[in-house]
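Working notes for the structure below.
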Amino acid sequence: MNFTKILTHWYSVNKRSLPWRNTKNPYYIWLSEIIMQQTQIKQGLPYYEAFVTNYPTVFDLAQANEQDVLKLWQGLGYYSRARNLHASAKYIAHELNGHFPTTYSDLLKLKGVGDYTASAIASICFNAPTAVVDGNVYRVLSRYFGIDTPINSTKGIKTFKTLATTLLDTKNPGDYNQAVMEFGATQCKPKNPDCTVCPLKNSCEALQQHRVDQLPVKLKKTKVTNKHFNFLVFISEDQRTLFEKRSEKGIWQNLYQFPLIESEDAILSEDFKTHPLVSRFFDTIDFSYSLYNTETIIHKLSHQHLYTKFWIIEVKQLPEKGIPISKLKTYPTPILIGNFIDSFNF
């Protein structure tokens with residue numbers, strides 16, 4: 001038995017029971033692929049079920065308010081995925097009359113859909129011979145064939161895509177693509193895989209060369225930058241607060257947050273009221289303050305670490321209208337803000 005047949009057989013016996021594996025409906029496959037990007041199954045599954053329940057068709061998603069979509073997505077991170085999902089749903093519903101693209105090239109026209117997602121949808125739903133290459137596939141192929149070309153280099157991306165294409169079962173591309181991804185997720189794991197039960201162990205180059213823990217090779221990531229975030233949580237006597245919508249481009253675009261002061265260094269409690277950034281922000285407002293979290297919360301994003309403090313600002317009256325505190329949980333927020341709202345006893 002060769003590599004492709006071994007994996008396909010392994011998948012038929014060992015695949016997990018997941019709701020999107022019981023359908024060829026491209027809308028559901030698309031939803032699952034977008035939600036599961038950079039996300040483990042156990043975390044993403046409840047979100048998939050929530051989206052299917054709330055938006056059972058692409059027309060339902062297209063008609064939704066973006067704020068509601070972002071709120072349902074809250075906690076998954078990488079919020080551009082949700083914005084692109086919503087934009088593509090509107091494109092499919094209004095421009096394509098609800099007809100989902102059926103080819104790899106047309107799928108690539110959807111916002112947020114790249115080579116991997118287009119290949120997955122095309123092969124699973126339409127039996128197109130398009131090979132998928134995701135993190136799981138990179139790991140399986142680099143270990144089995146002993147390839148140490150960095151997977152995030154231009155050469156590596158081309159090398160692995162070409163190899164994946166040559167291995168593809170063109171008669172049953174959907175099942176094979178899912179097989180190699182599932183194999184990487186549950187058998188050929190990133191750390192401490194159990195190679196003793198691996199059906200490929202007798203011909204795996206990495207295992208023979210004792211290099212399983214060294215592959216795949218990845219170029220070093222962009223340097224992580226540290227930022228100091230100070231959120232100002234206003235509380236007025238009539239139980240209102242200030243909540244802002246982030247309109248600038250970025251991972252938190254169109255999400256809500258408390259007013260933010262970003263400082264080069266940590267602001268100490270004893271220096272808060274006289275700190276230039278703070279005093280300029282408040283100007284003539286009378287207020288009392290306290291620091292909610294005595295230990296700085298470190299929120300880690302892909303390229304930056306946010307050293308975060310929440311300052312409770314009590315005022316008689318807000319400097320602007322604001323919103324009722326009771327409405328806070330109805331707004332879509334970054335998980336950092338959502339966790340604070342859940343933990344703070346307003």
Side-chain angles (χ1 to χ4, degrees), residues 46-47 50-51 53-55 60-83 85-86 227-263 267 269 272-273 275 277-299 301 306-346:
Y47 286 89
F51 266 84
T53 299
N54 284 271
Y55 310 118
D60 295 310
L61 181 56
Q63 292 170 3
N65 182 286
E66 185 186 79
Q67 186 166 310
D68 293 333
V69 174
L70 290 171
K71 182 65 180 174
L72 198 60
W73 191 273
Q74 187 169 310
L76 260 185
Y78 298 96
Y79 288 88
S80 61
R81 291 183 294 167
R83 291 190 290 270
L85 189 78
H86 191 224
K227 293 185 176 183
H228 293 272
F229 275 18
N230 299 273
F231 288 106
L232 308 180
V233 185
F234 283 83
I235 301 177
S236 66
E237 288 185 352
D238 60 352
Q239 291 298 292
R240 299 180 73 85
T241 191
L242 297 181
F243 220 35
E244 304 173 337
K245 186 176 184 178
R246 292 179 65 104
S247 56
E248 69 273 16
K249 286 191 177 296
I251 58 171
W252 290 350
Q253 184 180 5
N254 294 342
L255 301 181
Y256 286 77
Q257 65 179 26
F258 298 103
L260 170 66
I261 292 177
E262 187 175 340
S263 56
I267 298 178
S269 187
F272 179 78
K273 202 161 191 175
H275 192 283
L277 290 175
V278 176
S279 58
R280 186 169 70 247
F281 186 91
F282 285 102
D283 197 16
T284 59
I285 301 174
D286 289 326
F287 67 96
S288 61
Y289 72 94
S290 61
L291 177 60
Y292 171 70
N293 52 303
T294 52
E295 288 192 14
T296 301
I297 298 169
I298 305 175
H299 187 63
L301 301 172
L306 309 181
Y307 289 76
T308 308
K309 293 182 177 180
F310 289 91
W311 300 90
I312 311 304
I313 312 297
E314 296 187 81
V315 294
K316 185 172 183 179
Q317 189 174 352
L318 294 179
E320 51 192 86
K321 187 177 180 182
I323 66 166
I325 287 173
S326 60
K327 298 289 187 182
L328 275 175
K329 290 189 177 183
T330 65
Y331 290 84
T333 64
I335 192 64
L336 176 63
I337 302 296
N339 286 344
F340 167 77
I341 293 171
D342 287 341
S343 64
F344 186 72
N345 186 21
F346 279 99

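Each residue takes its place number in the sequence, starting with 1. Side chains are part of it too, since the values below use all heavy atoms of this structure and drop only hydrogens, waters and symmetry mates.
Considering CG of Leu76 and OH of Tyr47, their distance stands at 4.5 Å, rounded to 0.5 Å. For the atom pair Ile341 CD1 and Ile325 CD1, the distance stands at 10.5 Å (nearest 0.5 Å). Going from atom CG of Leu291 over to atom OG of Ser269 covers 5.5 Å, rounded to the nearest 0.5 Å. How far OG of Ser288 is from CD1 of Ile312: 10.5 Å, rounded to the nearest 0.5 Å. Separation of atoms OG (Ser236) and NZ (Lys321) is listed at 13.0 Å; rounding is to 0.5 Å. The distance from atom CD of Gln317 to atom CZ of Arg240, rounded to the nearest 0.5 Å, is 10.5 Å.
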Would you check, one step at a time, whether the test side chain to side chain contact (heavy atoms under 4.5 Å, CB included) holds for Leu70 with Trp252? CA-CA 10 Å; Leu70 290 171; Trp252 290 350; over 6 Å; no
Check against side chain to side chain contact (heavy atoms under 4.5 Å, CB included), Lys309 and Ile297: CA-CA 7 Å; Lys309 293 182 177 180; Ile297 298 169; over 6 Å; no
Show your reasoning for whether side chain to side chain contact (heavy atoms under 4.5 Å, CB included) applies to Ile261 and Phe231. CA-CA 6 Å; Ile261 292 177; Phe231 288 106; over 6 Å; no
Check step by step if side chain to side chain contact (heavy atoms under 4.5 Å, CB included) holds for Phe340 and Asn293. CA-CA 10 Å; Phe340 167 77; Asn293 52 303; over 6 Å; no
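Side-chain contact between Arg81 and Trp73 is present, with at least one heavy-atom pair separated by less than 4.5 Å. Counting heavy atoms from C-beta on, the side chains of Leu61 and Leu85 come closer than 4.5 Å. Looking at His299 and Ile335, their side chains come closer than 4.5 Å, going by heavy atoms from C-beta outward. You'll find the side chain of Pro319 reaches within 4.5 Å of the side chain of Leu242, heavy atoms only. Within the 4.5 Å cutoff, side-chain heavy atoms of Leu72 are placed close to those of Phe51. In this structure the side chain of Ile235 never reaches within 4.5 angstrom of the side chain of Val315, judged on heavy atoms. Residues Ile298 and Leu306 fail the side-chain proximity criterion, which asks for heavy atoms closer than 4.5 Å. Within the 4.5 Å cutoff, the side chain of Glu244 has heavy atoms near those of the Pro259 side chain.
If you look at Phe234 and Phe258, their ring centroids are not closer than 6.0 Å. Checked against a 6.0 Å centroid threshold, the rings of Tyr331 and Tyr256 count as neighbours. Ring centers of Phe272 and Tyr289: under 6.0 Å apart, within the cut-off.
Under a 3.5 Å cut-off, the side chain of Arg246 and the backbone N or O of Leu255 do not form any donor-acceptor pair. Not one N or O on the side chain of Thr330 forms a donor-acceptor pair closer than 3.5 Å with the backbone of Leu328. Using a distance-only test at 3.5 Å, with no hydrogens or angles considered, a donor-acceptor pair links the side chain of Lys71 to the main chain of Lys329. His86 contributes a side-chain N or O that, together with a main-chain N or O of Ala64, makes up a donor-acceptor pair within less than 3.5 Å. Between the side chain of Arg83 and the backbone N or O of Asn254, no donor-acceptor pair lies under 3.5 Å.
In the displayed structure, Gln253 atom CD is contacted under 6.0 Å by more than 12 heavy atoms of other residues, nucleotides or ligands.
Nearest heavy-atom pair across Tyr55 and Asp68 is OH-CB, 3.8 Å.
Under 3.5 Å, the side chains of Thr333 and Gln74 contain a donor-acceptor pair of N or O atoms. Under 3.5 Å, the side chains of Tyr292 and Ser343 contain a donor-acceptor pair of N or O atoms. Remark: the Asn230 side chain and the Ser263 side chain contain an N/O donor-acceptor pair separated by less than 3.5 Å.
For Lys273 and Phe287, the positive end sits near the middle of the six-membered ring, less than 6.0 Å away and at most 45° from its axis.
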